[in-house]
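Have a look at the structure below before the remarks.
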Amino acid sequence: MPEGLRAIVGPMFSGKTTELLRVLRKYAIAGYRVILVKPSTDTRYSVQKVVSHDGLEMEALVVEPSYAGISRVADLLLEHDVIGIDEFQFFEHSRELSRFLLELSERRLVIVAALNLDFRGEPWEIVKEILPYADDIRVLRAVCTYTDERGRKCGRPATRTQRLLDGRPAPYESPRVMVGGRESYEARCKRHHVVPKAPR
Ligand SMILES: [Zn+2]
């Protein structure tokens, strides 16, 4: 039986959901019982489906992103061999939750896909909590789409998620969670990741 904890991390547009769905599908084809979980805060595209940016899709169990939300479906999770969790960064920072998932990963294969950093370039607490325990960490990078005044694109590997408000870098004080797609986010390399701070 597959078991252990795997993490897929990277900025937006690095293909995390695609990679998660690809791995889950592989286990499903091999005859394992596979389930996909997603937090209820993510309303992109549809409520019961996870759709990757390139159109792969799979039914998902939508849960409240907390220990309470996960433990409510614990019995259902245990009926599966492989448990994928998308947008894991949106789950609350909770010792109980990380302990639950670590214990689950001793009997099942748990795969979490998460943003490495928020738009400010700071780590998500729940991701930080669980990453050291992962048996396997897959780091994905996107391509920096920063474009200079002359219209030249950067093209370096991107590890950051740039938030844009009306086409300009969102300030540090902007709310941490803001669901959006290409109109409000870009993948950027470290050099071109900009987070203006309000003057004091
Ligand atoms: Zn760049």
Side-chain angles (χ1 to χ4, degrees), residues 1-12 14-52 56-118 121-141 159 161 176-177 179:
M1 288 294 254
E3 56 169 49
L5 176 67
R6 285 202 216 165
I8 300 164
V9 293
M12 281 180 74
S14 63
K16 297 183 299 299
T17 301
T18 304
E19 176 66 8
L20 177 63
L21 296 191
R22 194 186 67 80
V23 176
L24 292 180
R25 196 165 281 191
K26 203 166 64 174
Y27 278 99
I29 289 168
Y32 291 100
R33 295 165 301 175
V34 164
I35 190 168
L36 175 61
V37 174
K38 64 178 255 181
S40 54
T41 41
D42 182 7
T43 55
R44 269 183 306 175
Y45 305 118
S46 74
V47 187
Q48 295 92 2
K49 269 183 194 161
V50 165
V51 184
S52 67
L56 267 181
E57 61 175 68
M58 197 174 163
E59 289 292 320
L61 176 68
V62 180
V63 303
E64 180 196 312
S66 62
Y67 172 62
I70 283 281
S71 49
R72 221 169 280 142
V73 296
D75 289 343
L76 181 60
L77 297 183
L78 283 165
E79 288 171 17
H80 295 81
D81 306 305
V82 183
I83 297 129
I85 307 179
D86 199 24
E87 304 282 12
F88 184 63
Q89 73 280 353
F90 290 143
F91 281 80
E92 69 169 356
H93 182 215
S94 143
R95 281 277 151 77
E96 289 78 17
L97 177 60
S98 53
R99 202 173 300 136
F100 175 86
L101 293 175
L102 292 178
E103 282 173 17
L104 186 63
S105 71
E106 286 169 14
R107 299 189 282 163
R108 302 288 188 272
L109 176 59
V110 178
I111 311 168
V112 301
L115 279 176
N116 52 346
L117 302 167
D118 64 15
E122 294 173 351
W124 300 84
E125 286 76 12
I126 189 64
V127 179
K128 222 161 73 171
E129 179 88 29
I130 212 162
L131 228 49
Y133 300 100
D135 301 294
D136 181 79
I137 302 175
R138 181 97 208 270
V139 179
L140 300 180
R141 296 186 296 182
T159 56
T161 301
R176 194 181 201 193
V177 176
V179 175

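Quick caveat: nothing in here was measured; it's all calculated off a predicted structure.
- Smallest separation of non-hydrogen atoms from L117 and P123: CD2-N, 3.7 Å.
- Using a 4.5 Å cut-off on side-chain heavy atoms (C-beta onward), V82 and V110 make no contact.
- When every heavy atom of D135 is checked against every heavy atom of G4, the shortest pair comes out as OD2-CA, 3.2 Å.
- When every heavy atom of Y32 is checked against every heavy atom of M1, the shortest pair comes out as CE2-SD, 4.2 Å.
- Residues I83 and L104 form a side-chain contact, since some pair of their non-hydrogen atoms from C-beta on lies under 4.5 Å apart.
- W124 is listed as a side-chain neighbour of F90, based on a closest heavy-atom distance under 4.5 Å.
- Between P39 and V63 the shortest side-chain heavy-atom distance does not fall below 4.5 Å.
- The minimum heavy-atom distance between V34 and A28, with the atom names listed, is CG2-N, 3.7 Å.
- More than 12 heavy atoms of other shown residues, nucleotides or ligands fall within 6.0 angstrom of atom CZ in R176.
- Applying the side chain to side chain contact (heavy atoms under 4.5 Å, CB included) rule to E59 yields the partners Q48, K49; only residues at least two apart in sequence or on another chain are considered.
- With sequence neighbours excluded, no residue forms a side chain to side chain donor-acceptor pair (under 3.5 Å) with R25.
- Side-chain contact between L61 and I35: present, with at least one pair of heavy atoms (C-beta onward) separated by less than 4.5 Å.
- The OG atom of S98 lies 10.0 Å from the CD atom of E103; values are rounded to the nearest 0.5 Å.
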Evaluate side chain to side chain contact (heavy atoms under 4.5 Å, CB included) for L102 paired with I130, printing each intermediate quantity in order. CA-CA 8 Å; L102 292 178; I130 212 162; 4.2 Å; yes

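- One finds no salt bridge joining K16 and E87 here, because no Lys/Arg side-chain nitrogen approaches an Asp/Glu carboxylate oxygen to under 4.0 Å.
- From L20, atom CG reaches atom CG of D86 across 5.5 Å, with rounding to the nearest 0.5 Å.
- At a threshold of 4.5 Å between non-hydrogen side-chain atoms, the residues L101 and I85 count as touching.
- Side-chain N or O atoms of S94 include one that pairs as donor or acceptor with a backbone N or O of L97 at under 3.5 Å.
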Stepwise side chain to side chain contact (heavy atoms under 4.5 Å, CB included) check, Q89 with E125: CA-CA 8 Å; Q89 73 280 353; E125 286 76 12; over 6 Å; no

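- Contact between F100 and I70 at its shortest, heavy atoms only, is CE2-CG2, 3.3 Å.
- A salt bridge links R33 to D81: one of the charged nitrogens lies within less than 4.0 Å of a carboxylate oxygen.
- Using a 4.5 Å cut-off on side-chain heavy atoms (C-beta onward), L115 and M12 make contact.
- Separation of atoms CG (L5) and CD1 (I111) is listed at 9.5 Å; rounding is to 0.5 Å.
- Between the side chain of R108 and the main chain of L78, a donor-acceptor pair closer than 3.5 Å is present.
- Qualifying side chain to side chain donor-acceptor pair (under 3.5 Å) partners for R6, counting only residues two or more places apart in sequence or in other chains: Y27.
- Looking at every heavy atom in both residues, S14 comes nearest to R141 through CB-C, 3.7 Å.
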Do E3 and L109 pass the side chain to side chain contact (heavy atoms under 4.5 Å, CB included) test, and can you show the C-alpha distance, the side-chain angles, and the key distance before you say yes or no? CA-CA 4 Å; E3 56 169 49; L109 176 59; 5.5 Å; no

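- A side-chain contact (heavy atoms from CB on, under 4.5 Å) with V37 is found for one member of L76, L77, V62 and no other, namely L77.
- Using a 4.0 Å cut-off between charged side-chain N and carboxylate O, R72 and E64 make a salt bridge.
- Considering only heavy atoms from C-beta on, V23 comes within 4.5 Å of E19 through its side chain.
- Atoms CD1 and CZ, on I8 and R22 in that order, are 8.5 Å from each other to the nearest 0.5 Å.
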